[in-house]
Each structure stands twice: as structure tokens, then as C-alpha cells.
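One structure is given below, encoded as C-alpha cells.
We name chains A, B, ... by the order of the sequence lines, and we start the count at 1 in each one.
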There are 2 protein chains.
Amino acid sequence: MTSTDTAGPRRTRQRAAVSAAMGRNGEFRTAQEIHAALRDSGDSIGLATVYRTLAQLAEAHEIDCIRTPDGQAAYRRCSSGHHHHLICRNCGRTVEISPPAFEAWADQIASENGFTQIDHELELFGRCAACS
Amino acid sequence: MTSTDTAGPRRTRQRAAVSAAMGRNGEFRTAQEIHAALRDSGDSIGLATVYRTLAQLAEAHEIDCIRTPDGQAAYRRCSSGHHHHLICRNCGRTVEISPPAFEAWADQIASENGFTQIDHELELFGRCAACS
DNA sequence: CCCTTTAGTGATAATGGTTCTCATGAAGAT
DNA sequence: ATCTTCATGAGAACCATTATCACTAAAGGG
């Protein structure tokens, strides 16, 4: 443990499994669902580890985290760069969207009101064509 | 009980107390906080009733409901009409905002992707001038 | 004013997602 | 190989929210 310590998190089987599970699908899934999916596919992993790993991946911006309307946390691996989502309330299908002028608008509104360090939450929920 | 029944909810002491409590303040507060505040101010009221009443008031659009970043539901009485919020992450101070072109933009994005019955969630979190 | 009907109330239990605990296991360094 | 330290995971703890259900009290007719 030197002062020039650059050690990241340890590479474990569990961390790889969670990361792989996130890579395989394109919909938001809750930690519970991801845990169940991993167990079903034969990976032995604890629920606490799934929660921890997802939180860390989100912290590192490797995956995105949103709140479902009923308050649960849901995760999804996304393209890099900032963007938002259009989510089907029925089947969970997700489309990434990038409001062109939105970021600038948000910053302007914020500064007009004296706010700084702005973070925003924007998600659209609806019904996709298949579910309508 | 005729067929032309237009009876709304009954006027009870508890419902009045919750509604009054929401009228007195301008910040988002959780159901737990509102319950504690009512108890502290001498109103005897059950927690379940607070939850029920808040849910009903929100359903009737008399108050707004958002999710805090940690998943809790928070309520606030707002001006009528659709709008969003700019919320101080530190002190909870709230500013109502009304993105002029936002609704139209959201509908357009949705229909471009075949989505219908769009609902959206937009909140800005930051630090107000006093807390910076 | 009294009675009946029925929605509202509230103490408490149940639920369920998330976090904590801590003994055990494994990654990485020496 | 050994040692240090972080990661893991089973289960408990936590906590917001919802359900239960016996009791209370609005509303409205008599």
C-alpha cells in the first residue's frame, strides 16, 4: 500500500457476473430482478453483493440508475454520455433520448434562481407501440 | 344513496388537519414528517390516515408528489397547473418552474418513437444561493 | 333529534426493498 | 507461500409504506 496507490476494486467473479448481466440486456431492471436472473442462470451470488456492486457501478457511471414510480431503484447499462429515457410503463422497453437544448435550458433556469451544482432527473413514461 | 350520487369524501377533522398542514409550508415533506408535525402541533392523527389522505389529495391534484433521490415520497401544495420543481438538495427550498416548450417537446419525442399516454418526471436538484 | 348506513380512522401487523453485520473467503502484494 | 485487507453472503435489522379490521363518526332520511 504505497502513497501512489491506484488500486481499483478487486476483480471478483461476482462483480464480473453483475457487469455481464447488465451488458446482456437493454431494459431497466431492479436489483432484485438482476439477482434473480443471475441465480437462474446458475451464478451463485448474494443479494447484498448485487446491491453493493450495482451501487458501485452506478457511482462509476458505468450504468444508469433511475427510480421507478413506486420508488424502487432500477439499473441499466447505457451508452456513454448524458441522456435520458423514454420508458414503456407496460413492457419496460426503453429508448434513449437526448434533448438537444435541455441541458442548456436547465442551467439557465438554475442560475436565474441562484442555484448551482445542478443535477436533473428527467424520464418519460408511456406506452410503446406494441403495448398500445 | 341515489343514482345521482355526487357525494365527495367526508369532511373529517383529520382530513382538514392534513390539508391545513400542507397549506402552511412551501417545501416538500415526507408523509412521516407531516405526521410528526401534526402530532407535535397537538393534532391527534394516525400515520395510516396521513398516508391515505396525502395519496387522495395527490390523486385529486390538490398537492404534488415527487420521489426524493432515496426513494421516499414527498408532498407539497403547489400552484394549480402543470409545472416542475427546482429543489435545493441541502435545505429543501423549492422553486416552481414551467418549461415553456417542454410539454410539446416531450409529446413530439414520444410520438416519434411510437409511444402514447406519455407522463413525465422532471425535477432539478441543486444548491440554492444561501447554501452555496 | 335519533337511527341507520357506510366511509373514515388508527393501532398494529404485515410487506418488501434496501442496508447493515460480521464471520468467512479470496485478491493482490511481498 | 503467506499475509494483509477488501469482498462476499446469509441473515438480521431497518424503515417507508400498505393492509387489516374493529371501532368511530359523517351524512342523510325518518
Please write out each protein N/O paired with an N/O of nucleotides 21-25 of chain D under 3.5 Å, distance rounded to 0.1 Å.
none

Among the nucleotides C:dG10, C:dA11, D:dT8, which one has an atom lying closest to any side-chain atom of A:Arg15?
D:dT8
I need the full list of ring pair (Phe, Tyr, Trp, His ring centres under 6.0 Å) pairs touching residues 109-132 of chain A, with sequence neighbours left out, sorted by first then second residue.
A:His82-A:His120, A:His84-A:His120, A:Phe102-A:His120
Double-helix bend of the helix from C:dC1-D:dG30 to C:dT30-D:dA1, axes at both ends from 5 pairs, round to 10°, gives 30°
Taking side-chain contact (heavy atoms from CB on, under 4.5 Å) as the test, write out the residues that go with A:Ala37, two or more places apart.
A:Arg29
How is B:Thr12 classified with respect to the nucleic acid when contacts are heavy atoms under 4.0 Å: base, sugar-phosphate, or nothing?
sugar-phosphate
Set of residues satisfying side-chain contact (heavy atoms from CB on, under 4.5 Å) with respect to B:Tyr51, sequence neighbours excluded:
B:Ala31, B:Gln32, B:Leu47
Check the distance between C:dT18's C1' and A:Glu33's CD and give it to me in whole angstrom.
15 Å
Test B:Asp64 against B:Tyr75 for side chain to side chain contact (heavy atoms under 4.5 Å, CB included), laying out the working first.
CA-CA 6 Å; B:Asp64 280 4; B:Tyr75 298 88; over 6 Å; no
Those residues that, when tested against A:Glu112, pass salt bridge (charged side-chain N to carboxylate O under 4.0 Å, His left out) (two or more places apart)
none
Could you note down all residue pairs passing salt bridge (charged side-chain N to carboxylate O under 4.0 Å, His left out) where residues 118-132 of chain B supplies at least one of them, sequence neighbours left out?
none
With sequence neighbours left out, write down each residue that passes side-chain contact (heavy atoms from CB on, under 4.5 Å) with B:Asp40, or none if nothing qualifies.
none
Does A:Arg13 put a side-chain nitrogen or oxygen below 4.0 Å from OP1 or OP2 of C:dA27?
no
Looking at A:Arg76 and A:Glu96, is there a salt bridge between them, counting it only when a charged N and a carboxylate O are closer than 4.0 Å?
yes
CZ of A:Arg39 versus P of D:dT8: gap in Å, rounded?
14 Å
side-chain contact (heavy atoms from CB on, under 4.5 Å) partners of A:Ala48, counting only residues at least two apart:
A:Arg52
Please report, rounded to the nearest Å, how far the C1' atom of D:dT8 is from the CZ atom of A:Arg11.
17 Å
Under-3.5 Å N/O pairs linking protein and nucleotides 13-18 of chain D:
residue: D:dT17; atom: OP1; partner: B:Ala73; partner atom: N; Å: 2.8
residue: D:dT17; atom: OP2; partner: B:Tyr51; partner atom: OH; Å: 2.6
residue: D:dT17; atom: O5'; partner: B:Tyr51; partner atom: OH; Å: 3.4

How would you list, by chain and number, every residue that makes a ring-ring contact (aromatic ring centres under 6.0 Å, His included) with B:His35, sequence neighbours excluded?
none
Partners meeting ring-ring contact (aromatic ring centres under 6.0 Å, His included) with B:His83 (sequence neighbours left out):
B:His85
Just the rounded figure in Å: distance from C1' of C:dT24 to CD of A:Gln14.
13 Å
